[in-house]
Engineer: 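Okay, handing you the structure first.
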Amino acid sequence: MKNGMNFFKKGKWLFLILIALLLLPNFLKDEPYVLHVCIIVFVYVSLAQAWNLIGGYAGQISFVNHTFFAIGAYTSTMLLIYLNLTPWIGLFVGMAIAGCVAYVLGFQILHLKGHYFAVATIAFAEIVKLLFLNWRGVGAAYGLSLPLKMPSFYYLMWSSKLPYYYIFLLVAIISTILIYTIDKSKAGMYFRSIKQDEDGAKHKGIDTRYYKLLAFVISAWICALVGTLYAQYILYICPRSCMDIMISTKCILIVLFGGLGTVAGPVLGAVILIPLAEYTRIKLGGGGQGWDYIIYGLIILVIVLYQPQGVYSILRRCKKNVQKMLRS
Amino acid sequence: MDLVYLILQVIINGILIGGVYALIAVGLSLIWGVMEIVNFAHGDYLMAAAFFSFIFWSYMGLDPLISLPLVVVIFLFIGFGTQKFVMKRLIDSPTLITIAATFALSLIIRYGFFVVFKPDYRVIRDPLLQGSLHISSISIPIAKMVTLLIAIITMILLFSFLKYTKKGRAIRATAQDREVAKSLGVNVEQIFLITWGLGIACVGIAGAMLSTFYYVFPLMGVTFVLIAFASVTLGGFGSVHGAIFGGLAIGLIQQFGGTFVSPALKDVFVFGVFILVLIFKPKGFFGKY
Amino acid sequence: MYSYYIRGKLKKNVIQVNDGDVKMKKEWKRISFFLMTIMLASTLSGCIGEKEETPAPTTPAPVEDIKIGCIWPLTGDLAAYGAANKRALELAVEIINNKYPDLNLPLAASEGLPNLGGAKIKLIWGDSRGTPEEGRSAAEYLIINEEVVALLGCYQSAVTETASLPAETYGVPFLNPDSSSPTLTERGYKWFWRCTPKAIDWTRNALEFYTDINEKFDANLHTYGIFNEDTLWGVESGDWLEYWADEFGFEVIERVQYPHETPDLSAEVLRMKQANPDLVHIAGYISDSILYVKTMKENNWLPKMVMSGEMIQMSDFLDALGDDGNYFCLTILFPQDLVTTKALTVKLNEMMDERYGKTFDDPSARAFTGLFVLADAINRAGSTDPAKINAAFAETNIPGEKMILPWAAIQFDEKHQLKAGGYVIQQIQDGEYYTVWPWELATRDIIWPMPSWDER
Amino acid sequence: MSKKCLEVESLTKRFGGLTALDEISLHINEAEIIGLIGPNGSGKTTLFNCVTGFLKPDNGRIFLREVNITGREPHKIIQEGVSRTFQITRVFPELTVMENILISIRHKEESRIRSIYKKSNRDEIKKASELLEFIGIAELSDQPGGELSYGQQKLLQLASSLMQDPSVVLLDEPTAGVNPTLINKIMDRIREANEEFGTTFLIIEHNMDVIMGISHRMYVLATGKIIAEGNPEKVRSDPEVFEAYLGGD
């Protein structure tokens, strides 16, 4: 992972942020709610990075990522409940299953273009959700409650939030580094070329189907990984909560807000939007009833209309302008 | 009830609800076909139209059937407004951007109504259209029947507009190839404006008719929008008869699946057939105009 | 890497300077506009937040307010319930915090909680949005950041399930006034209390009712049909109905599970019509119930009786359906007509109507009661120490006359579940709800069977 | 010189009732520049699409260096060494010029999975820079492709088509819409590439002067059939060709 290391070489400030993130929980020991928000931010950083790969780089608008997330969550939870298998193994089984599903699904529908692919993924996600809602073997609408076995490293369950904080931080970092590596790699170049002009990419001898599948499967892996850990954290999963299409939609909005097809975009988006959503929900959700959604909608609309490249491009431009000013 | 009657009833139910879906889908299809924008806020325009009908009924005592022209005109202008103030800037944007924009619109409309009208369930009571026709043991709800009728009229009008008027032909030309249309001197901006107006007016009709037999609720759009997507894609986007075909097909699949196999899985059949069609016939059964 | 390689050769700046200036100006315009909008949005949110948060001006509290966290679906598709509960709870707070000597409710006569020096109750609201994880995160926020003394909520069983987790972890009492899933109190939680009967109770009551009908009218009811939606609550209710139908010797000939908030229910109704059972039970939220009644009418079909849960007591049901809503039966905890004999309930209903133009319904009456049970426990504990409150809960004994609900008393068993508290069955007649069962409590005779659509 | 590089054998392609290509047979020897001319709609671009696998021919076979490539998937055919450019330029607007060229390397099946962490190696970058030097837009290598002028994009297309050491390069109207000075430049580059690297070209071109000047041999296509073949002089004097052009448009 030599390229991955470049990530750290790039700027010392990244190091500083990392250290700050590692030390942060020490100050937040008595603020589990803030920790919870941090964890949700990390969850969405990872999920948004996963979406960024298939949507931002390869240009396929997928509304099915939450299904892979749910597959991860369900697989490990089922294994834990029925076979008493540690989620550390369940995690890989979940990733494998999600990968297979992504492969089969992608093989069938990745040739669809633009909206068609998007609508097909919505339909598939709905089918899976409806089947799970009616499938007694996986708890149907009852959902699955994880057996409490805390605290235990083996069962990946703690009563404190700290270990979860570090685990989700790790996952967020891993997925970001993965996307960074891909961004700088040949595959990243191919993904972007597919997004811009798929036939053109084919004419350059790129096996577009293979690379789209690759992006889709890797994306599914990350989602499934996060799904497993999320189930361990939230301790209860049901189709209506973890197969909610809003999860995918949120990922899309986060990526769009931060900057499509950039490594920093999903991070920025999640760091800004998730706490903002939490804040508006708490400030307004109770009294305002729906105002938070309206504000959310307005922000997205403004971004889309005036700054479709996302917040990251603003920052980059500011940086450039500042440099220019300093030079002159 | 013996099997023949049952099957007949299911077919009638399917066609009636299919007519509703078709009416909802046709506006979506128009916008989708001409501008290549999937309007995720479509269901919320539907909801808004139903609310307008409800408001006319509760404050002015106008039956939805009577206030229908009013609602249509209002929604025509709402459509113009949407294009003028929001979508105009996004004409050549990537798919994702338009999806996000319409999604944001959807949130704003949905929760705007939510804030103003509070999440109560409302029903227009004793509308002109109520009760059912009973032919031996088969029953045909009048409200849905009239909706189907209006759907058919709307589509005939829309179809003739697209086929026989100058503007209609310009719309079709734009749908087929925007650049060529531009080079032929078609005012594409204006065409987009008309398209949005017509598309939203169609969903206005659908919403007004829906309010005669469905409850009115700020979040009701979500229920219909996925079905509308499926109808449009099944029929092939950008075609009027495609939307009719898609709506009816989905209505029938839903009713047959729901009645004879399992109601819980009725939408699984809908989406299942839909995905299969996408895989094997990605352009739907009818292409563009 | 290749950029390094090329950079040596890069000498000319390709962008023209003039062009760049214009571009930059435009960019800055854009950026500043963007920033302004964000600022506007946040100020907007601040304003609204403040406006909503200002409590009703009362005399300055002598002691610190007692914060109670309330978690209900205030947005999302179940927001109607959240809104109703919010109204009821605000009234309850008003009653507890001020002197209402003419109301025979616990703590009404005094200002605040007397054992805590007249401390006032303050409600802090959390929005579950009807989803389990939001419910949990709201609970966490309320416990940690708002340091609430206790939690109330959350209506949906699935949300209660997750929202009570942090309460258990942090040792904060959680009182659930309105979720009926039996599993909730089977988890053996130390801090979780429920002052409402479980699904197992009302489903049994429904079947007992039909057994009684069989006796009374010699009705020979035998076949049973269940509509249930595919949420946790719906499926669980359906399962229990099926269980009790078996126990009481009825035959479930059709069970239709349908997607929550579906656009159309013709297939479901047709299926049921095809099976044509004597009795039908609807376990669905109000939106779907309205649609069911309409679709049954369209199909011109009714069984001998249709029973529903307390959902259809929400005023929306009759507002929506008018006369078509007549003759339906419902199992209910809070029969308004029964309590008209209770001066207390009449008075409260009046107050509610005066303030909000709405009266109590089942969920809001339960939430209302819940707050009094909680306030009573805190008052008896004499402190905000959670352990003491928890101990006080165990000794809760609120007599029936001090309640809005028609129960004998509120007491908890060793599983922290409400001991007594049964359901009655009401029928809608002439647009009003009348209690018809148990026979000895009936305020009107039941109209049996319900007249078909043609006969109305 | 007589070794065949690309050979097309009685290729037929129909669209519904329309026969776009009718029993076309042609061959290109190594290091030859072949001109392909014909009136609009005569099936030139269809022929390109069939050769590159984007259209499946109804009949006939295509050999690349004596390997049958008929009916293979496009990316496989291109990996075999057929590269092409388009009539309307088709560069990736958001990739840099450098990336636009790097993307055109010959892709190897076995290293695909490793591409997610591998970068372009030094050799590839060196070669790409040389190509950029060769066509004279090296100083633009960090610009996004979309910001180039039309002519520069044409040059970029040419460069990227040379990147993968192709057996044969199919150029679809390399000079269409380009100003005369740049036309000469493009033609010089093509000639140079042919002379220095021995690259084989098949060029569709409407500009007769240009194509006559550069081609070693020419084929003339009209309504899906080859109506003439031979060196430029021969084609120029062929009355059938003259008629096809006059009658065609």
Side-chain angles (χ1 to χ4, degrees), chain B residues 1 3 6 9-10 12-14 16-18 20-21 24 111 114-115 118-126 130-134 137-144 210 213-220 222-224 226-228 251 254-268, chain C residues 48 73-84 227-230 235 254-274 276 285-291 293-295 297-301 314-325 358 453-454:
Chain B
M1 224 192 319
L3 196 64
L6 180 69
Q9 179 75 61
V10 174
I12 288 171
N13 284 351
L16 290 177
I17 194 74
V20 180
Y21 294 157
I24 299 170
Y111 286 96
F114 189 96
V115 165
K118 303 283 175 271
D120 292 328
Y121 293 92
R122 296 173 168 86
V123 170
I124 293 179
R125 239 193 284 163
D126 301 324
Q130 57 174 340
S132 307
L133 286 179
H134 299 291
S137 62
I138 292 171
S139 46
I140 307 171
I142 289 172
K144 282 183 189 165
L210 201 61
F213 59 89
Y214 199 72
Y215 54 85
V216 181
F217 182 62
L219 307 187
M220 69 190 265
V222 192
T223 327
F224 288 93
L226 283 185
I227 298 278
Q254 207 181 34
Q255 294 302 325
F256 269 97
T259 314
F260 293 110
V261 191
S262 158
L265 299 178
K266 60 182 182 181
D267 290 342
V268 172
Chain C
I48 301 151
L74 297 169
T75 52
D77 51 5
L78 294 175
Y81 295 97
F227 282 121
N228 71 272
E229 59 168 32
D230 60 355
V235 176
E254 183 67 275
R255 179 168 174 193
V256 173
Q257 185 164 321
Y258 66 92
H260 175 62
E261 301 248 311
T262 175
D264 175 63
L265 288 169
S266 333
E268 285 81 350
V269 170
L270 197 57
R271 218 176 141 95
M272 195 58 90
K273 185 181 177 183
Q274 194 64 13
N276 201 13
Y285 285 101
I286 181 164
S287 52
D288 297 322
S289 303
I290 293 172
L291 207 54
V293 176
K294 285 182 147 272
T295 314
K297 189 178 179 191
E298 278 171 6
N299 278 289
N300 194 28
W301 174 75
M314 280 185 59
S315 46
D316 291 0
F317 184 73
L318 280 185
D319 283 353
L321 289 169
D323 290 343
D324 288 347
K358 299 235 174 192
W453 298 110
D454 304 333

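Remember, predicted model here, so these are calculated numbers, not experimental data. Chain letters run A, B, ... following the sequence lines, proteins first and then strands; every chain starts at 1.
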Engineer: Which region of B:V261, side chain (C-beta onward) or backbone (N, CA, C, O), has a non-hydrogen atom less than 4.5 Å from a non-hydrogen atom of chain C, or is it both or neither?
Structural biologist: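 The backbone, not the side chain.
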Engineer: So which part of C:D230 gets closer than 4.5 Å to some heavy atom of chain B, the side chain, the backbone, both or neither?
Structural biologist: neither
Engineer: Could you tell me which of B:V10, B:T259, B:D267 has the largest number of non-hydrogen atom pairs under 4.5 Å with chain C?
Structural biologist: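 The answer is B:T259.
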Engineer: Which atom pair, heavy atoms only, marks the closest approach of B:P263 to C:P259?
Structural biologist: O-CD, 3.7 Å
Engineer: So which residue, C:I290, C:N276, C:N300, C:L265, ends up with the most heavy-atom pairs under 4.5 Å with chain B?
Structural biologist: C:N300
Engineer: Closest approach of C:T262 and B:K266, non-hydrogen atoms and distance?
Structural biologist: OG1-NZ, 3.1 Å
Engineer: Measuring from atom NE2 of C:H260 to atom OG1 of B:T223, what distance do you get when rounded to the nearest 0.5 angstrom?
Structural biologist: 9.0 Å
Engineer: Can you measure from OH (B:Y215) to CZ (C:F317) and round to the nearest 0.5 angstrom?
Structural biologist: 13.0 Å
Engineer: Ignoring hydrogens and angles, tell me if any N or O in the side chain of C:Q257 forms a donor-acceptor pair with the backbone of B:A264 under 3.5 Å.
Structural biologist: no
Engineer: Looking at every heavy atom in both B:Y21 and C:P263, which two are closest together, and how far apart are they?
Structural biologist: OH-CG, 3.7 Å
Engineer: So which atom in B:S139 and which in C:N299 form the shortest heavy-atom distance, rounded to 0.1 Å?
Structural biologist: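 Shortest heavy-atom separation between B:S139 and C:N299 comes out as OG-CA, 3.3 Å.
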Engineer: Any idea which heavy atoms bring C:R271 and B:F260 closest together, and the distance?
Structural biologist: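 Minimum heavy-atom separation between C:R271 and B:F260: NH1-C, 3.7 Å.
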Engineer: Measuring from C:S287:OG to B:F217:CZ, what's the distance to the nearest 0.5 Å?
Structural biologist: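 Spacing of OG (C:S287) from CZ (B:F217) equals 7.0 Å.
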Engineer: Identify the heavy atoms of B:Q255 and C:S266 that sit nearest to each other, and give their distance.
Structural biologist: OE1-CB, 3.7 Å
Engineer: Begin with the C-alpha distance, continue with both residues' side-chain angles, and end with the deciding distance and a verdict on salt bridge (charged side-chain N to carboxylate O under 4.0 Å, His left out) for C:D323 and B:R125.
Structural biologist: CA-CA 10 Å; C:D323 290 343; B:R125 239 193 284 163; over 6 Å; no
Engineer: Chain B: which of C:L291, C:V269, C:V256 shares the most heavy-atom pairs with it under 4.5 Å?
Structural biologist: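 Looking at each of C:L291, C:V269, C:V256 in turn, C:L291 comes out on top.
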Engineer: Does the side chain of C:L321 come within less than 4.5 Å of B:V123's, by heavy atoms?
Structural biologist: no
Engineer: For each of B:Y214, B:F256, B:F224, tally heavy-atom pairs with chain C at distances under 4.5 Å, and name the one with the top tally.
Structural biologist: B:Y214
